[in-house]
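First up is the structure itself, then whatever we jot down about it.
All values below come from the heavy atoms of this structure, side chains included, with hydrogens, waters and symmetry mates left out. The first residue in the sequence is number 1, and the count goes up from there.
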Amino acid sequence: MPEELRKPRFSFHQKLLLSIVTTFLIFGVCISFFQYKREKAFRIDLMTDQLQSYNNLVFETIRGNGVCDSCIFNVIQFLKVQDLRVTIVNYSGEVLYDSQAKHLGNHADRPEIKAALATGKGISVRRLSKTTGQNFFYAATRYPEYIIRSSRPYDQKLYQQLSVDYNFLTFTILLLLILLYYIFRSTRRLGKTIEQLRDFAESADKDQPLDVNQDFPRNELGEISQHIVSLFSRIKTTRDDLMVEREKLIAHLQSAHEGLAVFTPDKKELIANNVFIQYINLISDEPVESAKAIFELPELKEISQYIAQNQSIRGLIGHLQQYAIQVDKNGKIFHVQCIIFQDRSFEVSINDITLSEEESALKRQLTQNIAHELKTPVSSIQGYMETIIDNPDLPADKLKSFIERSFLQSKRLSELLRDISTLTRMDEAPRMLE
């Protein structure tokens, strides 16, 4: 890798645990706040219903007897609520009766009175009384001729009645602690697996010895991790084997007498032996250092055109494509061959065939000379034999002369055949020598 792996400031386990804990805390705070508001509203509604029931009882009492101190006093005594305050107000806000104060001002601006006039019922949870200078919990109810308002002082006793029961908060906190402990154990196992994989990846990146027998947790992630380690181990073994084979191939190419170079589809050099560079220097008029110079040489223009033509075809090539030319340059004869593989990569090979071409030319010349030399004795023998056959009455001395001449020509023919045998053995001599 271009840059060494840096260990994060926080481990995966810490990050995961922090994110989950934060989520649960936010969730717990929201639930607790919601439950607190719900419990608070429930207790206020409960107190409101209680005061509204007092209003109904007062209304039933004074509806038949009229507004009088004794009647309302009897109701308060009956309810056994010593701090209960009852106020009767007409629709214009004028106070008709108050159980704890006299000569009160207009109450039309009181919030609970306004709400009762508008909707039939109204409350004020904690409002300072202008008359007594004390905080009260007010609940007003509208009736056909007036508004009855019951209230209680907002003292410690009432505060406790309206206070929220915090047992649910204790239960919520205890439940969160249990869940967080379970999450901690789970994330720690998960984090341990991730750390093992990270250490394995760092060792693999630094080409250090790998521990393929690590003890991963017995869960799905542990099984996946074990498969990854085993797969990478097999890949590393295969890569090492390929590297060995590659070194063998490179050594073979460098020691070969054939010039060979392999290129990618975009003409990038993968490998080229020294013989290939030597041969293209012999072909080129100027010294070259890279195998890519073959694409610029006019002598190899046909090879470049062939490669460009096949590279322009879309899709994979169905079979190997081969093309060869012969280059005669500076007294040397080279056989240049291009092979395009299925993935569009290609190789170019160059062979110096100067010696083999000279040997072939020499063999052709020798063959022509030998054929010419063989024609003379054969023609002579054939002529003498035809004369003898065509002239059965040929004199004995002539017949003997023709036979002797034929014999001499046959000896000459034998010598020529012996020379051909000697040439054949000369061709085979290099293969017979170690």
Distance in Å, [X] [atom1] paired with [Y] [atom2], rounded so as to fall on 0.5 Å steps:
{"X": "T354", "Y": "D328", "atom1": "OG1", "atom2": "CG", "answer": "7.5 Å"}
{"X": "F171", "Y": "Q35", "atom1": "CZ", "atom2": "CD", "answer": "11.0 Å"}
{"X": "L177", "Y": "T172", "atom1": "CG", "atom2": "OG1", "answer": "11.0 Å"}
{"X": "L242", "Y": "T237", "atom1": "CG", "atom2": "OG1", "answer": "11.0 Å"}
{"X": "I113", "Y": "R142", "atom1": "CD1", "atom2": "CZ", "answer": "12.0 Å"}
{"X": "D285", "Y": "L297", "atom1": "CG", "atom2": "CG", "answer": "8.5 Å"}

Greater than 12 external heavy atoms within 6.0 Å of [X]'s [atom1]:
{"X": "K332", "atom1": "NZ", "result": "no"}
{"X": "E269", "atom1": "CD", "result": "yes"}
{"X": "E286", "atom1": "CD", "result": "no"}
{"X": "R38", "atom1": "CZ", "result": "no"}
{"X": "K301", "atom1": "NZ", "result": "no"}

| request: Apply side-chain contact (heavy atoms from CB on, under 4.5 Å) to A115 and list each qualifying residue two or more places apart in sequence or on a separate chain. | output: none
| field | Residues forming a side-chain contact (heavy atoms from CB on, under 4.5 Å) with T22, sequence neighbours excluded | value | L18, I26
Are the side chain of [X] and the backbone N or O of [Y] linked by a donor-acceptor pair below 3.5 Å?
{"X": "T48", "Y": "I44", "value": "yes"}
{"X": "Y91", "Y": "P144", "value": "yes"}
{"X": "N281", "Y": "V288", "value": "yes"}
{"X": "D343", "Y": "S345", "value": "yes"}
{"X": "S349", "Y": "L260", "value": "no"}
{"X": "N273", "Y": "E258", "value": "yes"}

| task | Could you tell me whether the side chains of E302 and Y306 share a donor-acceptor contact shorter than 3.5 Å? | result | no
| field | Steps toward side-chain contact (heavy atoms from CB on, under 4.5 Å) verdict (I389, T387) | value | CA-CA 5 Å; I389 293 172; T387 302; over 6 Å; no
| field | side-chain contact (heavy atoms from CB on, under 4.5 Å) assessment of N310 paired with I307 | value | CA-CA 5 Å; N310 283 274; I307 294 172; over 6 Å; no
Between [X] and [Y], what is the shortest heavy-atom contact and its length?
{"X": "S129", "Y": "R85", "value": "OG-NH1, 3.5 Å"}
{"X": "F276", "Y": "I350", "value": "CE1-CD1, 3.6 Å"}
{"X": "M385", "Y": "S406", "value": "CE-OG, 3.3 Å"}
{"X": "E112", "Y": "R149", "value": "OE2-NH1, 2.8 Å"}
{"X": "E299", "Y": "I325", "value": "O-CD1, 4.0 Å"}
{"X": "D352", "Y": "F334", "value": "CA-CD2, 3.9 Å"}

| Evaluation steps, side-chain contact (heavy atoms from CB on, under 4.5 Å), between I353 and Q326 | CA-CA 9 Å; I353 60 174; Q326 190 167 299; 3.6 Å; yes
| task | Measure from NZ or CZ of R110 to the centre of the six-membered ring of Y138 and say whether it is under 6.0 Å with the direction within 45° of the ring axis. | result | no
Show me the donor-acceptor pairs within less than 3.5 Å that the side chains of residues 150-158 make with the rest of the protein, sequence neighbours left out.
{"residue": "S150", "atom": "OG", "partner": "N55", "partner atom": "OD1", "Å": "2.3"}
{"residue": "R152", "atom": "NH1", "partner": "Q161", "partner atom": "OE1", "Å": "3.2"}
{"residue": "D155", "atom": "OD1", "partner": "K157", "partner atom": "N", "Å": "3.4"}
{"residue": "D155", "atom": "OD1", "partner": "L158", "partner atom": "N", "Å": "3.0"}

| task | Please report the C-alpha distance between Y54 and V86 in whole Å, then the side-chain angles of each, then the deciding distance to 0.1 Å, and finally whether the side-chain contact (heavy atoms from CB on, under 4.5 Å) criterion is met. | result | CA-CA 9 Å; Y54 295 166; V86 178; over 6 Å; no
| Do F295 and F263 have their ring centres less than 6.0 Å from each other? | yes
| field | Any L84 side-chain heavy atom under 4.5 Å of L79 side chain | value | yes
